[in-house]
Amino acid sequence: MTHDLLQQLRVEPGSAPRLDKRDPDVRIGAKNKHEGLELLRAQVERLSALQTRLAAEATRAVLVILQGMDASGKDGTIRHVFTGVNPQGCRVVSFDVPTPTELAHDYLWRVQVQCPARGEIAIFNRSHYEDVVAVRVRGLVPKQVWKRRYEHIRGFERMLVDEGTTVLKLFLHVSRDEQGQRLQERLDNPEKRWKFRVGDLDDRRLWDEYMTAYEDAIHQTSTDWAPWYVVPADHNWVRNLAVGEILVDALERLDPQLPKPDPGLDGVEVS
Ligand code: AMP
Ligand code: MG
């Protein structure tokens, strides 16, 4: 995948993502699925090496935010792209419907505490973006409350970046048809049925409202310091390859360095 393709997936700060104009079904990054899987394997190895250095350096952190409708592939992305990453130094956090204790605080309270420590990669499976998307669509707080949150979020992420965290935000863009097929498969397959919640169908009925909410949220919060990427997600291999590329590119730009060895070690031999 070339740098140009990464630029295409990136939402320019201040501009609308135009989700309706982006095709979730495109096959990009490789000639075909076979080649895509080969390339992913190389990315997984590269990520593993880069993460080892990030952890050893222990001065900077990476936060990967995954958003998307049900069955857009958030879990699959984590399984496939992070499969080679050392679990020591990588943390996955899933944000569910807030608990009463969480609701008793501001919406960023539970988020801040889960942000990665120096040297760590944290992957958010859903995030504070639910507080301007699901919360908006389900009418959980009035408009004047969620509208103000875009500004808080821009500021919050600016603070994270200023303090040494790279913030990558990925919207897994699946089509309504593909989601329908995947949800049906979840219902029919006893191994997958546990993932299905009745509420998922309510959300599916509100598809257009969700797309509008995502359109606005991405538009309002794609910034120079914490850009959004819209990842075509109808084909798992395209999605994995695109996410792998975004991560490898970000880590290569960070170029984490191994700490200098203790000078006292010069000339020392293990007896
Ligand atoms: P899943 O990730 O599919 O297991 O489901 C998690 C559910 O929690 C989704 O329906 C989300 O919309 C919901 N959720 C997560 N965070 C929030 C939030 N801050 N407010 C309301 N719903 C949320
Ligand atoms: Mg779900």
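Both counts, for ligands and for their atoms, begin at 1 and track the order of listing.
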Lys/Arg N to Asp/Glu carboxylate O, D200 vs R204, below 4.0 Å: no
Just by distance, no angles: are the side chains of [X] and [Y] close enough, under 3.5 Å, to form a donor-acceptor pair?
| X | Y | answer |
| --- | --- | --- |
| D188 | Q184 | yes |
| Y210 | R136 | no |
| R239 | T77 | yes |

When you check the space around the Mg ion (ligand 2), which protein N, O or S atoms turn up under 2.8 Å? D70 OD1
With salt bridge (charged side-chain N to carboxylate O under 4.0 Å, His left out) as the criterion, how do E185 and R182 come out once you've worked through the C-alpha distance, each side chain's angles and the decisive distance to 0.1 Å? CA-CA 5 Å; E185 153 83 4; R182 292 182 187 181; over 6 Å; no
Using 30° and 60° as the class limits, which term best fits the ring planes of H235 and W237: parallel, tilted or perpendicular? tilted
D20 and R176: CA distance, side-chain angles, deciding distance, salt bridge (charged side-chain N to carboxylate O under 4.0 Å, His left out) verdict: CA-CA 11 Å; D20 57 331; R176 193 171 185 279; over 6 Å; no
D96 vs R197, test: salt bridge (charged side-chain N to carboxylate O under 4.0 Å, His left out). Steps then yes/no. CA-CA 13 Å; D96 210 323; R197 300 198 220 183; 3.3 Å; yes
Ligand 1 polar-atom proximity to protein (N/O, under 3.5 Å):
{"unit_1": "ligand 1", "atom_1": "2 (O)", "unit_2": "R126", "atom_2": "NE", "d": "2.5"}
{"unit_1": "ligand 1", "atom_1": "3 (O)", "unit_2": "D70", "atom_2": "OD1", "d": "3.2"}
{"unit_1": "ligand 1", "atom_1": "3 (O)", "unit_2": "R126", "atom_2": "NH2", "d": "3.2"}
{"unit_1": "ligand 1", "atom_1": "4 (O)", "unit_2": "R197", "atom_2": "NH2", "d": "3.0"}
{"unit_1": "ligand 1", "atom_1": "5 (O)", "unit_2": "R197", "atom_2": "NH2", "d": "3.1"}
{"unit_1": "ligand 1", "atom_1": "8 (O)", "unit_2": "D96", "atom_2": "OD1", "d": "3.3"}
{"unit_1": "ligand 1", "atom_1": "8 (O)", "unit_2": "V97", "atom_2": "N", "d": "3.2"}
{"unit_1": "ligand 1", "atom_1": "10 (O)", "unit_2": "R138", "atom_2": "NH2", "d": "3.0"}
{"unit_1": "ligand 1", "atom_1": "12 (O)", "unit_2": "E130", "atom_2": "OE1", "d": "2.8"}
{"unit_1": "ligand 1", "atom_1": "12 (O)", "unit_2": "R138", "atom_2": "NH2", "d": "2.8"}
{"unit_1": "ligand 1", "atom_1": "16 (N)", "unit_2": "D96", "atom_2": "O", "d": "3.3"}
{"unit_1": "ligand 1", "atom_1": "16 (N)", "unit_2": "R110", "atom_2": "NH2", "d": "3.1"}
{"unit_1": "ligand 1", "atom_1": "19 (N)", "unit_2": "R110", "atom_2": "NH2", "d": "3.2"}
{"unit_1": "ligand 1", "atom_1": "19 (N)", "unit_2": "D131", "atom_2": "OD1", "d": "3.0"}
{"unit_1": "ligand 1", "atom_1": "22 (N)", "unit_2": "R138", "atom_2": "NH1", "d": "3.3"}

Tell me the closest heavy-atom pair linking P13 and R10, and the distance in Å. CD-NH1, 4.2 Å
